[in-house]
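These numbers come from the heavy atoms of this one structure, side chains and all, not from hydrogens, waters or symmetry mates.
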Amino acid sequence: MDKINQTFTSEFLLLGLSGYPKFEIIYFVLILVMYLVILIGNGVLIIASIFDSRLHTPMYFFLGNLSFLDICYTSSSVPSTLVSLISKKRNISFSGCTVQMFIGFAMGSTECLLLGMMAFDRYVAICNPLRYPIIMSKVVYVLMASVSWLSGGINSIVQTSLAMRLPFCGNNIINHFTCEILAVLKLACADISLNIITMVISNMAFLVLPLLVIFFSYMFILYTILRMNSATGRRKAFSTCSAHLTVVIIFYGTIFFMYAKPKSQELPGEDKFQTSDKLISLFYGVVTPMLNPIIYSLRNKDVKAAVKYLLNRKPIK
């Protein structure tokens, strides 16, 4: 036990796609392009939501938070992934891995809560339109976003501290692109029961509960829309919800496919399964943040109008 306690891993080795060197340059180009789209697309949404008064509403405030979150999440992992693909430098320090894990977990937890808050906002807007300005006042929606960020940060502190306090004996190779918590826990040479229990509780609070809020919000929204007499009103209501619902389906669909699907670690094709897991994780970490601003821009006239206004705006001399 004393020998285990004295073991200290100063760095980890991220395998990434080391087994497929021919594809690394292709993935480097794809990830770089997607990362630039993430920075530009989400950056434009943030600027538009700040400087265009027409977007000073709860929905666009949450959308701006979501865009900022996506930039933070991808910036914590994508640059190091690009460096490892192009330079073969795959090592990451213990502290760097800790920071990467903390940001990733915090952003993921916060995004789940924000998506739930956005669903509740749409429920109030469509089902209680007359009371909407009172229920979703500025104080309320700023508080809702603040609680999401604070809760996500606290959850990440708990999960990251519990994971990185474990002893890592000998093997420091992480079979992943980033310091993903499940991949790191596999390297621990100690009992991880506490980690599993806290992660189950975390998943219930940050995955299941927001999903229930989203589900019941849209059930009430659908019921209200179907009762509308005006076809134009129904189309407008569906239009305001379609972008958020699309993002929710992509986000939760990827998470559940990544973590809920049965693992096949004992089969001969283990490497192929692990590679597919890493690529799915990459989709969740890069493709989803890239799609968010595209979906909201294409499906929303207010956002498109705000972007056009900003682009055509003449600088003051």
Side-chain angles (χ1 to χ4, degrees), residues 62 65-66 69-70 72-74 76-77 97-120 144-166 174-188 190-219 244-245 247-265 273-274 276-289 292:
F62 289 129
N65 276 262
L66 196 63
L69 183 149
D70 285 337
C72 292
Y73 177 76
T74 52
S76 71
S77 58
C97 186
T98 302
V99 171
Q100 194 176 83
M101 186 187 297
F102 167 77
I103 295 176
F105 218 98
M107 298 302 104
S109 302
T110 304
E111 183 161 2
C112 290
L113 295 181
L114 282 176
L115 290 174
M117 301 290 186
M118 294 172 76
F120 177 76
M144 290 168 68
S146 300
V147 169
S148 299
W149 283 96
L150 183 62
S151 301
I154 293 173
N155 180 47
S156 185
I157 289 174
V158 172
Q159 300 299 334
T160 304
S161 60
L162 286 175
M164 303 313 280
R165 71 173 178 80
L166 295 169
I174 300 175
N175 192 12
H176 213 278
F177 288 103
T178 62
C179 288
E180 197 264 345
I181 190 166
L182 294 181
V184 174
L185 288 177
K186 289 180 181 179
L187 305 182
D191 183 25
I192 60 171
S193 300
L194 179 61
N195 301 79
I196 300 301
I197 292 172
T198 55
M199 286 190 68
V200 169
I201 297 172
S202 172
N203 288 341
M204 292 296 293
F206 290 89
L207 281 175
V208 178
L209 287 181
L211 189 60
L212 288 175
V213 171
I214 293 169
F215 175 78
F216 285 110
S217 294
Y218 276 102
M219 287 297 100
H244 175 258
L245 196 56
V247 170
V248 167
I249 292 171
I250 294 173
F251 179 80
Y252 273 97
T254 307
I255 286 180
F256 281 115
F257 185 79
M258 185 166 56
Y259 291 112
K261 73 184 183 67
K263 303 294 180 183
S264 305
Q265 301 298 333
F273 282 107
Q274 289 182 346
S276 67
D277 288 344
K278 288 186 283 186
L279 293 177
I280 293 167
S281 176
L282 184 66
F283 179 89
Y284 163 72
V286 180
V287 178
T288 303
N292 285 352

F120/I214 under side chain to side chain contact (heavy atoms under 4.5 Å, CB included): CA gap, chis, key distance, verdict: CA-CA 7 Å; F120 177 76; I214 293 169; over 6 Å; no
Heavy-atom donor-acceptor pair, S202 side chain to T198 backbone, under 3.5 Å: no
Value rounded to 0.5 Å, distance of CE in M101 from CD1 in I174: 7.0 Å
Main-chain N/O of L162 paired with N195 side-chain donor or acceptor, under 3.5 Å: yes
Side chain to side chain, T160 and I181, heavy atoms closer than 4.5 Å: no
Nearest non-hydrogen partners of A183 and L187, listed with the distance: O-CG, 3.8 Å
I192 to A188 - nearest heavy-atom pair and separation: CG2-CB, 4.1 Å
Separation between CE of M204 and CG of L211, rounded to the nearest 0.5 Å: 11.0 Å
Closest contact, heavy atoms only, T74 versus G285: CG2-O, 3.3 Å
Counterpart residues, ring pair (Phe, Tyr, Trp, His ring centres under 6.0 Å), relative to F102 (two or more places apart): none
Reported CG-to-CD1 distance for the pair D191 and I196, which is rounded to 0.5 angstrom: 9.5 Å
Rounded distance (nearest 0.5 Å) linking atom CE of M118 with atom CG of N65: 9.5 Å
Close side-chain approach of V184 to C97, heavy-atom, < 4.5 Å: yes
Donor-acceptor contact present, side-chain Q100 to main-chain C179, <3.5 Å: yes
Validation row: F251, N292 side chains within 4.5 angstrom (heavy atoms): no
Atom pair CG/CG of L207 and L212 - distance to nearest 0.5 Å: 11.0 Å
Without placing hydrogens or testing angles, list every side-chain donor-acceptor pair under 3.5 Å for residues 105-116, not counting sequence neighbours.
{"unit_1": "S109", "atom_1": "OG", "unit_2": "F105", "atom_2": "O", "d": "2.9"}
{"unit_1": "S109", "atom_1": "OG", "unit_2": "N155", "atom_2": "ND2", "d": "2.8"}
{"unit_1": "T110", "atom_1": "OG1", "unit_2": "A106", "atom_2": "O", "d": "2.7"}

Interatomic distance, S217 atom OG to F215 atom CZ [nearest 0.5 angstrom]: 10.5 Å
Considering all heavy atoms, the nearest S148-M117 contact: OG-CE, 3.5 Å
Residues H244, F62; criterion side chain to side chain contact (heavy atoms under 4.5 Å, CB included); working and verdict: CA-CA 11 Å; H244 175 258; F62 289 129; over 6 Å; no
Close side-chain approach of V248 to Y218, heavy-atom, < 4.5 Å: no
Non-hydrogen atoms of Y252 and F206 that approach each other most closely: OH-O, 4.1 Å
